[in-house]
Novice: 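Before I ask anything, let me first share the structure, which is written out below as structure tokens.
Remember, predicted model here, so these are calculated numbers, not experimental data.
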Amino acid sequence: MKNYLLFTGIFVLAYVLLQIGSGFVLTAFYTPDLTAPSVPLSSDTEFGAADAISPLIISVLSLGAAFLSMKCLKQKLD
């Protein structure tokens, strides 16, 4: 069980780091379209909503996948 929890923890950590890294890359290469003269520029900044359940669902699915793959592998070896 310890291996499954370790796998799940590393999987979730890698997922979060990839999300943050992709956010930095997308922000760095973003260029706004300022060619439309009829649209006034807004000073309000809107941020997207962060969904905290997504990493939980991914970790549960990865835990299930690791458990089933190890169970199937153990049955084939026996």
Side-chain angles (χ1 to χ4, degrees):
M1 188 65 177
K2 183 180 177 183
N3 289 337
Y4 300 126
L5 293 176
L6 182 64
F7 171 77
T8 304
I10 291 173
F11 189 83
V12 170
L13 182 65
Y15 174 78
V16 169
L17 289 176
L18 282 172
Q19 288 292 319
I20 292 171
S22 67
F24 281 134
V25 169
L26 289 172
T27 302
F29 291 114
Y30 175 74
T31 54
D33 183 24
L34 299 176
T35 59
S38 63
V39 179
L41 295 177
S42 175
S43 63
D44 295 334
T45 304
E46 295 181 18
F47 292 102
D51 190 15
I53 194 96
S54 179
L56 178 63
I57 291 173
I58 290 174
S59 65
V60 169
L61 289 175
S62 65
L63 182 62
F67 180 73
L68 288 175
S69 66
M70 292 302 286
K71 189 173 183 180
C72 291
L73 184 64
K74 186 177 178 181
Q75 286 179 355
K76 285 185 180 182
L77 291 177
D78 289 341

Novice: Determine, using the 4.5 Å side-chain heavy-atom cutoff (strictly less than), whether V16 and F24 are members of one ILVMFWY cluster.
Specialist: yes
Novice: Tell me whether Y15 shares a hydrophobic cluster with I20, the cluster being built from Ile, Leu, Val, Met, Phe, Trp, Tyr side chains joined at under 4.5 Å.
Specialist: yes
Novice: Using 0.5 Å steps for rounding, measure from the CG atom of L17 to the CD1 atom of I10.
Specialist: 11.5 Å
